[in-house]
Each structure stands twice: as C-alpha cells, then as structure tokens.
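Positions are given from 1, in the same order as the sequence printed here. Side chains included, hydrogens not; waters and symmetry mates left out as well; all remaining heavy atoms used.
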Amino acid sequence: MTYIPSRNQRELRSRAEAQLERLKLPSDVELADIVRHVAAVTGKRIDVEPVGDSDWENITGLVLLASNSAKILVRKSDPRWYQFHTVLHELSHVAFEHAGCGTLPIKHPGQDHVRAGQTVLARGIVTPDFEADLDFGDTELVMEAEAEKLSQMLSRLVLRPRHGRDEVVFG
C-alpha cells in the first residue's frame, strides 16, 4: 500500500475514523485489546518496552518497524498516563502504516535499538498544534497529525466512563 497524506482537516479526521473502524475494537476496550487489534490488522507482532534515561530528554517514544513486527519504546521516566498516550500514538502510526520520520536525532540513544531493515517513527516533546496550524504540504507533520488524531480517539474509548449511572454524581 502506498501512503498518501491527508490533504485537509476533514480528510485527516475521516481517515482517523476509518482506521478506528478498521480495528473493530470491543466496546469495553483496554490498551492490551488495542495492541492485539492493531497487530491483527497489520499482521505485525507488537511489543511495548519502557526504556531510557537522561539521554531520552527530547524523545518520549518511538516505534521500530520491520516487515513483520513493531517495537514501541516509551520513556520509562514519564508518568504512566503519558506512557499510555505515547503507546497509543505509536500504535496509530503502525495502524496507518506510516513510513519513517526524521524526528529522532541521529545521535540519540534510541538509535541503539535500530536494526537493519527497520523504519523509525519517533515522538518528540515538541509538536505543533495540529488542530489549528498544520501545513498539509509537510508529509511528516501530516503523519504526526494523523497518528495524534487516532490516538485521541483511542484514548476516548479506553478512558470513557464505564459506570454511567454511578458517575453521574461527579457531574
């Protein structure tokens, strides 16, 4: 499949919605379910591993793609909720079947994990406001925006209220 980036916000949203539909997630979904479903639709074994030290200051996560696998590395010093979001973001890259990006600095210790034949997609601490200001001529930014949109949709599924009547008391 040849990747063609979204051309506008409407297309970006509809592509993220199509990816969400493609995953066929159960109504009571957990992160492990999302990992399994992305693996099933892409045909890739997916592993998630917390890594890093002070050298991981600017990269919060990355995914190493090979033809039959995806290894998601997340910065272990981040709070669990942020690791959760980073994993969803990287899984979204895998679901979209994005090509590699140039976010990872060449001297970053994440390069130690790269093997021949792998593609690298990395998540840095500085990201543009994709909702307000996105240059649709910049393929790398569009890939990041697509992954971010899908990861937000996935987050809403996992973090949704589970006991509606009980949670009414909280407003």
Side-chain angles (χ1 to χ4, degrees), residues 1 3 5-6 8-52 56 59-99 101 103 110 113 118-125 127-132 134 142-171:
M1 177 170 110
Y3 171 75
S6 298
N8 54 52
Q9 285 289 352
R10 184 179 41 78
E11 189 173 295
L12 189 147
R13 176 175 281 284
S14 72
R15 284 184 175 188
E17 289 169 348
Q19 289 296 334
L20 187 61
E21 182 65 30
R22 175 180 172 225
L23 294 176
K24 297 185 183 343
L25 296 166
S27 59
D28 192 21
V29 69
E30 300 290 337
L31 181 58
D33 300 316
I34 296 171
V35 171
R36 274 195 305 280
H37 284 253
V38 172
V41 301
T42 62
K44 292 184 183 298
R45 185 187 79 250
I46 298 175
D47 297 308
V48 177
E49 183 181 338
V51 295
W56 283 70
I59 301 296
T60 62
L62 59 86
V63 60
L64 303 168
L65 297 172
S67 60
N68 63 350
S69 67
K71 185 171 192 172
I72 297 172
L73 305 176
V74 295
R75 189 168 60 184
K76 67 182 174 185
S77 61
D78 283 337
R80 299 279 296 171
W81 62 267
Y82 192 77
Q83 289 180 29
F84 166 78
H85 176 73
T86 299
V87 169
L88 290 179
H89 179 91
E90 300 304 338
L91 282 171
S92 295
H93 278 303
V94 176
F96 269 107
E97 300 179 42
H98 285 152
C101 71
T103 306
H113 298 275
Q118 289 181 323
T119 299
V120 178
L121 294 149
R123 177 177 174 75
I125 58 168
T127 56
D129 182 355
F130 295 125
E131 292 293 325
L134 178 59
V142 172
M143 285 191 301
E144 287 304 313
E146 289 172 341
E148 195 65 18
K149 179 58 75 181
L150 180 55
S151 69
Q152 290 168 1
M153 292 174 169
L154 292 168
S155 290
R156 278 189 218 109
L157 290 176
V158 176
L159 301 175
R160 68 172 172 49
R162 303 206 184 255
H163 307 287
R165 287 184 301 220
D166 296 334
E167 292 173 4
V168 160
V169 73
F170 299 110

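- Here the straight-line distance linking atom CG of Leu150 with atom NE2 of His93 works out to 10.5 Å at 0.5 Å rounding.
- The 12-atom threshold is exceeded at CZ of Arg22, counting heavy atoms of other residues, nucleotides or ligands nearer than 6.0 Å.
- Of all the heavy atoms in Ser6 and Glu146, the pair that sits closest is OG-OE2, 2.6 Å.
- Closest approach of Ala16 and Lys149 over heavy atoms only: CB-CG, 3.5 Å.
- The two residues Ser155 and His85 make their nearest non-hydrogen contact at OG-ND1, 4.1 Å.
- A distance-only check finds no donor-acceptor pair linking the side chain of Glu49 to the backbone of Lys71 [under 3.5 Å].
- At least one side-chain heavy atom of Leu134 sits under 4.5 Å from a side-chain heavy atom of Leu12.
- We find the CG-CG distance between Leu64 and Asp47 to be 10.5 Å, quoted to the nearest 0.5 Å.
- Distance alone, capped at 3.5 Å, is enough to place a donor-acceptor pair between the Ser92 side chain and the Ser151 backbone.
- Evaluation of the salt bridge (Lys or Arg N to Asp or Glu O under 4.0 Å) rule for Glu17 yields Arg13 as partners, not counting sequence neighbours.
- Rounded to the nearest 0.5 angstrom, Gln152 CD and Leu20 CG are separated by 12.5 Å.
- Remark: Ile46 CD1 to His37 NE2 distance equals 11.5 Å, nearest 0.5 Å.
- Closest approach of Tyr3 and His98 over heavy atoms only: CE1-CD2, 3.5 Å.
- The shortest distance between side-chain heavy atoms of Phe96 and Gln19 falls below 4.5 Å.
- For the atom pair CG (Leu154) and CG (Leu88), the distance works out to 5.5 Å, reported to the nearest 0.5 Å.
- Contact record, Ile72 with Val87: CD1-O, 4.2 Å, taken as the closest heavy-atom pair.
- Here the CE-CD distance, from Met153 to Glu21, works out to 11.5 Å after rounding to the nearest 0.5 Å.
- Of all heavy-atom pairs spanning Ala95 and Thr42, the tightest one is CA-CG2, 4.2 Å.
- Side chains of His89 and Glu144: a donor on one and an acceptor on the other come within 3.5 Å.
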